[in-house]
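For reference, the structure is listed below as structure tokens.
Read the numbers this way: they start at 1 and go in the same order the structure lists the ligands and their atoms.
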Amino acid sequence: MKNLLSIEEMTADEMREMLALAHRLKAERGRHAEQPLAGQTWALIFSKSSTRTRVSFETGIAELGGRPMFLSTRDIQLGRGEPIKDTARVLGRMIHGAVIRTFAQQDVVDFAAYSGIPTINALTDQEHPCQILADLQTIEEQFGAGSWKDLKISFLGDVDNNMGRSWMWAAKHLGFTLALAGPEQAMPKPETLAALNCPNIICTTNAEEAVRDCAVINTDTWISMGQEAEKGTKEKAFFPYQVNRALLSVAAKNHVVMHCLPAYRGYEITDEVLEANAPVIFREAENRLHAQKAVLCTLAQH
Ligand code: CP
Ligand code: NVA
């Protein structure tokens with residue numbers, strides 16, 4: 001694997017190997033001798049805000065022997081209109097890898113192609129692959145490694161956003177049942193579903209149907225970064241998909257609620273549900289570090 005640009009492009013075997021490595025790196029944190037990034041500089045090129053992704057990558061790169069360099073697009077020429085392909089060709093001659101958070105998926109694809117260095121998608125409007133790997137790691141910790149076939153996972157709210165799309169590709173590769181519930185306006189586009197061609201993905205406008213007997217219930221903000229102007233028009237249609245105590249009464253007895261964070265209490269999730277699931281949700285956040293160290297090790301070996 002040279003780059004991590006999307007879950008769509010990963011194979012099931014690559015995902016399984018990545019998760020196994022993430023578990024090992026977590027267990028060995030502070031004791032593992034591997035320094036695959038020794039002597040390397042990795043840039044974090046971010047056009048959007050971040051707490052978890054930035055801190056976990058900066059920490060992970062340092063723990064693997066490398067030097068992280070944070071570049072906000074507010075400060076570099078990219079933000080003033082220098083083309084991504086020129087930025088990529090300059091950085092590709094100086095640094096050893098790049099972690100990019102931006103809007104267009106094509107920008108991470110172009111950066112990888114023009115720079116020639118390992119490139120990681122740290123969130124685009126299309127996908128959030130690093131988050132999904134950490135989420136899958138958290139689910140394996142909770143329900144056992146490799147138990148995908150027997151699991152029903154749901155994702156509620158803005159199901160055709162970057163998280164929803166990454167969940168769909170994960171369901172395609174690993175074979176778990178994925179129930180997506182949201183208002184009509186948020187349903188995945190027919191061409192997305194056709195490209196997936198995946199019978200284990202269920203789309204419904206009925207939140208209860210998605211959550212019934214479900215072991216893992218996921219949600220995310222209704223207003224992703226860059227969509228702030230849609231706040232007023234979107235929210236009303238999304239309230240039936242709020243993850244709250246009443247809705248969870250139909251979930252599996254041993255269910256967990258997950259959230260990639262940041263959470264907007266009183267909107268996609270209630271304070272009560274978030275706090276009741278805090279041990280899992282904040283372990284999910286911690287696992288960003290371990291899962292991304294697995295990604296960095298894998299790409300550095302290429
Ligand atoms: N979940 C996530 O990517 O968080 P940040 O936006 O804080 O990086
Ligand atoms: N869908 C959200 C995820 C944040 C981590 C967004 O893109 O803002």
Side-chain angles (χ1 to χ4, degrees), residues 4-8 22 42-61 68 70-74 98-105 107-108 120-139 154-170 180-183 185-188 192 217-231 234-235 238 241-243 257-265 267-269 274 277-278 280-293 295-296:
L4 173 63
L5 304 183
S6 62
I7 297 292
E8 176 178 355
W42 281 61
L44 278 70
I45 306 164
F46 279 39
S47 306
K48 293 175 175 173
S49 305
S50 172
T51 299
R52 281 143 287 269
T53 308
R54 176 178 177 176
V55 174
S56 54
F57 266 112
E58 291 206 29
T59 305
I61 290 165
F70 184 78
L71 300 172
S72 162
T73 52
R74 277 196 296 270
V99 178
I100 305 181
R101 169 166 284 204
T102 190
F103 296 86
Q105 180 72 15
D107 282 351
V108 292
I120 299 173
N121 174 357
L123 182 148
T124 62
D125 292 345
Q126 181 66 21
E127 276 217 32
H128 196 359
C130 296
Q131 181 69 54
I132 291 297
L133 292 172
D135 293 359
L136 296 172
Q137 181 181 2
T138 311
I139 293 169
S154 60
F155 182 81
L156 272 76
D158 196 16
V159 297
D160 197 26
N161 75 2
N162 42 16
M163 285 296 300
R165 276 189 287 272
S166 291
W167 271 118
M168 289 185 244
W169 286 105
L180 302 164
Q185 70 196 74
M187 283 293 128
T192 308
I217 297 101
N218 288 277
T219 190
D220 181 19
T221 180
W222 297 334
I223 314 291
S224 286
M225 289 180 277
Q227 299 179 345
E228 289 75 11
E230 295 169 39
K231 194 168 163 27
K234 252 182 144 182
E235 274 171 0
F238 280 76
Y241 305 93
Q242 182 188 67
V243 179
V257 175
M258 294 177 56
H259 195 307
C260 63
L261 302 174
Y264 296 87
R265 290 164 165 84
Y267 292 90
E268 76 274 6
I269 191 166
L274 194 148
N277 289 275
V280 173
I281 290 172
F282 290 100
R283 188 152 47 79
E284 176 187 1
E286 177 197 326
N287 285 339
R288 296 293 305 277
L289 171 67
H290 311 299
Q292 288 158 197
K293 281 172 71 180
V295 173
L296 291 163

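At a 4.0 Å heavy-atom cut-off, ligand 1 touches Q131 through the side chain alone. For L261, every heavy-atom contact with ligand 1 shorter than 4.0 Å involves the backbone, none the side chain. Residue R101 touches ligand 1 through its side chain alone, judged by heavy-atom distances below 4.0 Å.
Numbered from 1 in the order shown, with element, the atoms of ligand 1 that lie under 4.0 Å from a heavy atom of H128 read 2 (C), 3 (O). Residue-ligand proximity, C260 to ligand 1, at heavy-atom distances under 4.0 Å covers atoms 1 (N). Every atom of ligand 1 with a heavy atom of T51 under 4.0 Å away is listed here by number and element: 5 (P), 7 (O), 8 (O). Those atoms of ligand 2 with a heavy atom of L123 less than 4.0 angstrom away are 3 (C), 4 (C), 5 (C), 7 (O). Taking every heavy atom of N161 and a limit of under 4.0 angstrom, the matching atoms of ligand 2 come to 1 (N). For ligand 1, the atoms sitting less than 4.0 Å from at least one non-hydrogen atom of T53 are 2 (C), 3 (O), 5 (P), 8 (O), numbered in the order shown with element in parentheses. Remark: ligand 1 atoms within the under-4.0 Å shell around heavy atoms of R288 are 1 (N), 2 (C), 3 (O). With ligand atoms numbered from 1 in the order given, ligand 2 contributes 5 (C) to contacts under 4.0 Å with heavy atoms of L261.
M225 N, 2.8 Å is the protein heavy atom nearest to atom 8 (O) of ligand 2. Looking at atom 4 (O) of ligand 1, its nearest protein heavy atom turns out to be R52 NE, 2.8 Å. Scanning the protein for heavy atoms near atom 7 (O) of ligand 2, the closest one is N162 ND2, 2.8 Å.
Between the S47 side chain and the T73 main chain, no donor and acceptor come within less than 3.5 Å of each other.
Under the 3.5 Å distance criterion, with hydrogens and angles disregarded, no donor-acceptor pair is assigned to the side chains of E268 and T219. With 3.5 Å as the limit, one finds a donor-acceptor pair spanning the side chains of Q105 and N121.
Separating the CZ atom in R52 from the CZ atom in R54 is a distance of 13.5 Å, to the nearest 0.5 Å. Atom NZ of K234 and atom OG of S224 lie 6.0 Å apart (nearest 0.5 Å). Distance check: I217 CD1 to I269 CD1 gives 10.0 Å after rounding to the nearest 0.5 Å. Here the CG-CG distance, from N218 to D135, works out to 6.0 Å after rounding to the nearest 0.5 Å. Taken from CD in Q292 to CG in N287, the straight-line distance is 10.0 Å, to the nearest 0.5 Å.
At a 3.5 angstrom cut-off on N or O pairs, S224 counts as close to ligand 2. Considering backbone and side-chain atoms alike, D220 places an N or O below 3.5 Å from some N or O of ligand 2.
Closest approach of P188 and M168 over heavy atoms only: CG-CE, 3.8 Å.
Here the rule is salt bridge (charged side-chain N to carboxylate O under 4.0 Å, His left out) with D125, and of K48, R101, R165 only K48 fits it.
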